[in-house]
Amino acid sequence: MAMRQTPLTCSGHTRPVVDLAFSGITPYGYFLISACKDGKPMLRQGDTGDWIGTFLGHKGAVWGATLNKDASKAATAAADFTAKVWDAVSGDELMTLAHKHIVKTVDFTQDSNYLLTGGQDKLLRIYDLNKPEAEPKEISGHTSGIKKALWCSEDKQILSADDKTVRLWDHATMTEVKSLNFNMSVSSMEYIPEGEILVITYGRSIAFHSAVSLDPIKSFEAPATINSASLHPEKEFLVAGGEDFKLYKYDYNSGEELESYKGHFGPIHCVRFSPDGELYASGSEDGTLRLWQTVVGKTYGLWKCVLPEEDSAELAKPKLGFPETTEEELEEMTSENSDCIYSSTPDVKA
Amino acid sequence: MQQTTVCVCVSVSVDTSAPWLISSGGFSVNLITRLVPHSGNCEELAQCLSTELISSLEHRGHWEGGSVLGAGHLAAEKHRGHLEAHGEEIQGTESARGQEGIAPETPVTIPVPVLRLPRGPDGFSRGFAPDGRRAPLKPEVPQIQECPIAQESLESQEQRARAALRERYLRSLLAMVGRQVSFTLHEGVRVAAHFGATDLDVANFYVSQLQTPIGVQAEALLRCSDIISYTFKP
């Protein structure tokens, strides 16, 4: 019997979700941060979507949010002309970095020592997080507001996108190395370190470029205007979402459209694969985040695989308070006996 | 050939009303009572509901061109987050002949079952629970240096003791599974039940055949905060 995708809806935001980012894989799993126009970015457990906390402090819409690799710090960019750095374990605000206009994008270096910001003031700023009082280093050159800025090539270079261009800068010399021009507005950019691939979306196109040379690799056309796309860590699939409220999944090698899902009630603003590639998250104008399985029907997180012969018994039983089987994959769980002892590693809780 | 169309008034409440109505009578009709959150696009909302409507109609006799005619009032309340429509592809409204309703075009598939929905904000705090999963990470305050080695081993001893106690407790829970357990609750109430499981934070006890003063409950969840103590014989 074919399985149909069940998206997990994470509610809580009251305005459109405009950006989302996953952390790396940590001993506690991985985490997800969502930026929302309601000014209250939220931290969630990445594999289940469970809310962990809300970062309170911004006085305007939050346009960009990111986590560092081990999810110990979070950074957000907001319309109140500040970028803030937060302690992602306690939720406390660590620093507020004042800017001269709306801040749209933030990115940590791999070692979390520097923060890159960009926004409507058309300047890229690099803050040393160990010296918050020091003035940031500034890179100018963009002629329109910066939408996205990312560290690349092991933090030796910077990629930034404004309305019609994508530029590559050298970190050490702070100068422009290369630029790409587009005749349509660039809606999003994603950087994949393994393979140095850059994913750029503009109009209905999803384009892949080399992050080192900016040379084009390939591009696909979607049926509707795409706002965001993400490439699977193993580069087998890519997912994209946009103005028609649908999520599309393509085979990266052939460009064939594999699946498409309706579910959101508004345009999709951001899509990202999780660091282990098992799920992808989408944020929409409708104020929700949805988690989607990469392989539909697999037991992972809150999704529970049901084998055909178990159908009637399984679906009839109400699911009450069963312990979550999150981290490990339950290979072919044939017996769903409530006496069955679940084999999950006990968490160390003080 | 009798031309017939069906009349339905759906009442849900919206901000921008898009009037539509399927008109005429002589048929038994199921009223749509589902509320659909919308993004402001009432036309799409109307189309979604009309699809649902057509597929739930029972009718006798012929009907030509099962298309939705204009007129009438549709109002839908903007409920966020709680209400979901299927969001399936809008099905064609071709004419249906004879007794059958319009067959769905999507193949039969079962949705992937989920254990539960993701937990949302609790509504009264900003979260980051001090006893949450990552709490052990926090005490590693970077500025304060633990100088004497003796102090470090004391801490690690304590951690080991805690780990051992925790492991013993979890094993005791495992040993309880399927057994008859007697719980002492507030106000001197004692109940017996077969233990099933607890959740990750041991906030709820899932039991079956709970013997209460007002009868036996087949399945129940006991809140940990309500339990004073429990005993069982291994």
Asker: Need one label for A:Ile52: side chain, backbone, both or neither, based on atoms under 4.5 Å from any heavy atom in chain B.
Answerer: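 Contact with chain B is through both the backbone and side chain of A:Ile52.
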
Asker: Give a yes or no on whether a salt bridge exists between A:Asp50 and B:Arg119, defined as a side-chain N under 4.0 angstrom from a carboxylate O.
Answerer: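 Yes, charged N to carboxylate O under 4.0 Å.
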
Asker: Against chain B, work out which of A:Gly91, A:Gly49, A:Gly12 has the most heavy-atom pairs shorter than 4.5 Å and name it.
Answerer: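 Result: the option with the highest number of such pairs is A:Gly91.
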
Asker: Just checking A:Tyr261 against A:Tyr248, ring centres under 6.0 Å apart?
Answerer: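 Ring-ring flag for A:Tyr261/A:Tyr248: false, centres at least 6.0 Å apart.
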
Asker: Which distance, rounded to the nearest 0.5 Å, do you find between the NZ of A:Lys37 and the CZ of A:Arg15?
Answerer: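 The NZ atom of A:Lys37 sits 6.0 Å away from the CZ atom of A:Arg15.
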
Asker: Side chain, backbone, both or neither: which part of A:Leu291 has an atom under 4.5 Å from a heavy atom of chain B?
Answerer: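 Looking at A:Leu291, nothing touches chain B.
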
Asker: Distance from A:Cys10 atom SG to A:Leu32 atom CG, nearest 0.5 Å?
Answerer: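 Atom-to-atom, A:Cys10:SG and A:Leu32:CG are 7.0 Å apart.
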
